[in-house]
Amino acid sequence: MTNLISNSDARRIFLAKQGLSAPPNKALTKAGLLELIHELGFVQVDSIQTVERAHHQILFSRNQTYKREHLTALLEKDGSLFEHWTHDASILPSAFFRYWKHKFRHEEEVIGERWRKWQGEGFEHAFDETFERVTRDGAIMAREIKADGHVSGGWWNWHPNKTALEYFWRTGKFAIAGRSNFQKIYDLVERVIPPEFHEPEVTYEEFVDWACRSALTRLGFATHGEIAAFWDLLSPDEAKAWVNAHRDELIEVLIEPALGGKPRPSWAVPDLLMQDYPGAPPRVRVLSPFDPMIRDRNRTERLFGFFYRIEVFVPEPKREYGYYVFPLLEGDKLIGRIDMKADRKGGSLDVKRLWLEPGVRPSAGRIEKLLAELDRLAKFTGVEQVVLMDGWQG
């Protein structure tokens, strides 16, 4: 028998899986931070700092005792985390590095051929030269390599030696040893990631099983397409084949959508419905546009009835909301979005505009909760006050 999961239950399950049901002010140790990132699977990295960089805000949204220095130590000193690609550049537990080796092999074949066409003559020599330099002299940044007349603007315009750094990182030969002003510092993998993480090998079958099983664990319920998309390590066909091969270990569930329509068939592990999932705290939280909870925009719309797109690359006259607008989570509902920017020179978090979803009232209690969250975010960002611009409530 197929189990029907109500929309409210589906939201509660997913928010718990996404680390958004735990108390947001329970003291978070460095070990606790590593555990949180392991449970999430990945934390996306992005350079935009309209308020706070994505990885910091994602973690702050889940626990507001989060300390940036703990993340830096786990990445740059302990080797417990590493940076690489899922669907986007992300921070991942180093325990997963062995599975990324299959991605590295695929990237080596695909990217190597693509970049060979871009770079033309001298491609292999420049790459060998770069690898030897890092092996001999240690960690290096791209800006330390002379451009010799080449200009930035994409891999095809980079100097071959600069391209080599990114190539060896993408193919698992180099790792990110740290960042300086958000620019990557590259070094050999074996000098960055501890041997217990970078040495083990897994078979292709083990890799596929881990990629599917770990994705389903973190999603709670999913179609084979959603399983494949979670890590972006597999094709939908590979995930579908895994589901078909493990149907005796899975249950089929029907997920009720937020806005009506037919329930969506999905897969889950049998004990999903036997667990107790606490409700999300009732406070208002500001999410990063790159928060993993809303990464799958279609899933977000189905579960929460919330349509969201980042309008960074939309010409200003065509934007519906703003350049970089933050979703608002209240309990288990996405209630609106807010346009704001941290003015670090002026010491303020400037709130330009609030949009609440249809049917969501700007009650005094709700606005009070929002302002309390903005105060917490301002403090975390390092500014002194929240400034509400004229007309901020529309």
Side-chain angles (χ1 to χ4, degrees), residues 11 14-15 18-26 28 36 40 43-68 71 279-295 297 300 303-312 319-344 347-357 360-363 365-389 392-394:
R11 291 200 309 270
F14 186 49
L15 287 171
Q18 286 293 302
L20 287 162
S21 294
N25 51 4
K26 182 179 179 181
L28 185 67
L36 172 60
L40 290 175
V43 175
Q44 188 170 334
V45 177
D46 192 79
S47 62
I48 297 175
Q49 201 173 9
T50 302
V51 171
E52 185 53 84
R53 288 200 168 109
H55 45 293
H56 294 313
Q57 189 172 352
I58 288 166
L59 295 167
F60 176 76
S61 296
R62 285 154 177 80
N63 191 302
Q64 295 176 343
T65 72
Y66 158 68
K67 294 180 173 59
R68 295 174 184 81
L71 184 67
R283 65 164 63 186
V284 172
R285 281 184 274 190
V286 180
L287 300 182
S288 164
F290 298 105
D291 195 286
M293 193 204 98
I294 59 170
R295 186 201 68 78
R297 306 300 195 217
T300 301
L303 284 181
F304 297 92
F306 187 79
F307 177 84
Y308 180 74
R309 297 291 184 272
I310 297 176
E311 297 182 303
V312 168
R319 289 176 190 152
E320 185 177 0
Y321 297 106
Y323 170 77
Y324 198 76
V325 174
F326 301 83
L328 299 174
L329 178 70
E330 182 184 36
D332 67 352
K333 296 181 175 65
L334 288 164
I335 62 165
R337 59 206 87 203
I338 192 166
D339 186 8
M340 57 187 177
K341 183 176 183 178
D343 178 359
R344 288 175 172 79
S348 62
L349 179 62
D350 298 339
V351 178
K352 301 177 184 178
R353 180 73 189 274
L354 168 70
W355 296 268
L356 293 176
E357 289 291 277
V360 178
R361 294 179 55 249
S363 64
R366 178 167 282 132
I367 296 300
E368 184 179 348
K369 287 196 292 184
L370 171 61
L371 294 179
E373 176 69 0
L374 294 178
D375 281 336
R376 289 188 286 265
L377 183 58
K379 185 180 296 184
F380 177 70
T381 304
V383 297
E384 299 167 2
Q385 61 180 333
V386 176
V387 174
L388 305 174
M389 313 290 277
W392 77 281
Q393 288 197 64

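These numbers come from the heavy atoms of this one structure, side chains and all, not from hydrogens, waters or symmetry mates.
With sequence neighbours excluded, no residue forms a side chain to side chain donor-acceptor pair (under 3.5 Å) with E311.
More than 12 heavy atoms of other residues, nucleotides or ligands sit less than 6.0 Å from atom CD of Q393. The number of heavy atoms from other shown groups lying within 6.0 Å of CD (E368) does not exceed 12.
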- side-chain contact (heavy atoms from CB on, under 4.5 Å) between L328 and R366, worked out: CA-CA 11 Å; L328 299 174; R366 178 167 282 132; over 6 Å; no
Go through L287 and L334 one step at a time and tell me if the side-chain contact (heavy atoms from CB on, under 4.5 Å) criterion holds. CA-CA 10 Å; L287 300 182; L334 288 164; 4.0 Å; yes
* Kindly indicate, with the supporting measurements, whether the criterion side-chain contact (heavy atoms from CB on, under 4.5 Å) is fulfilled by Q64 and N25. => CA-CA 5 Å; Q64 295 176 343; N25 51 4; 5.6 Å; no
Audit row: V43, L36, side-chain contact (heavy atoms from CB on, under 4.5 Å) steps and yes/no: CA-CA 10 Å; V43 175; L36 172 60; over 6 Å; no
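A donor-acceptor contact shorter than 3.5 Å is absent between the side chain of Y321 and the backbone of R309. Side chain of S288 to main chain of F290: a donor-acceptor pair is present (N/O by atom type, distance under 3.5 Å, no hydrogens or angles). In this structure, the side chain of K341 does not engage the main chain of K352 through any donor-acceptor pair within 3.5 Å. Distance alone, capped at 3.5 Å, places no donor-acceptor pair between the D375 side chain and the V386 backbone. Of the possible polar contacts, none joining the R62 side chain to the Q57 backbone as a donor-acceptor pair under 3.5 Å is found. With hydrogens and angles disregarded, no donor-acceptor distance shorter than 3.5 Å links the side chain of R353 to the backbone of D339.
Between L20 and L329, the closest side-chain pair of non-hydrogen atoms falls below 4.5 Å. E52 is not listed as a side-chain neighbour of V286, based on a closest heavy-atom distance of 4.5 Å or more. For the pair H56 and L71, the minimum side-chain heavy-atom distance is below 4.5 Å. Residues F304 and L15 meet the side-chain proximity criterion, which asks for heavy atoms closer than 4.5 Å. Counting heavy atoms from C-beta outward, Q18 and L40 have side chains that approach closer than 4.5 Å. R53 places none of its side-chain heavy atoms less than 4.5 Å from the side chain of D46. Side chains of I338 and W355 form no contact here, defined as non-hydrogen atoms less than 4.5 Å apart. For the pair F306 and I294, the minimum side-chain heavy-atom distance is 4.5 Å or more.
For the atom pair I310 CD1 and I48 CD1, the distance stands at 7.0 Å (nearest 0.5 Å). With rounding to the nearest 0.5 Å, the separation of CD in E357 from CD1 in I335 is 9.0 Å. A distance of 10.5 Å separates CZ in F326 from CG in L374, rounded to the nearest 0.5 Å. Interatomic distance, Q44 CD to R295 CZ, rounded to the nearest 0.5 Å: 8.5 Å. Rounded to the nearest 0.5 angstrom, S61 OG and Y66 OH are separated by 11.0 Å. L354 contributes atom CG, which lies 14.5 Å from atom CE of M389 (distance to the nearest 0.5 angstrom).
For the pair R376 and E373, the salt-bridge criterion is met [side-chain N within less than 4.0 Å of a carboxylate O]. Between E320 and R337 there is no salt bridge, since no side-chain N of the basic residue sits under 4.0 Å from a carboxylate O of the acidic one.
P281 and P24 make their closest contact through CG-CD, 3.9 Å (heavy atoms, listed as atom of the first residue, atom of the second, distance). G331 approaches A280 most closely through the heavy-atom pair O-CB, 3.3 Å. Between L349 and V383, the shortest heavy-atom contact is N-CG2, 3.7 Å.
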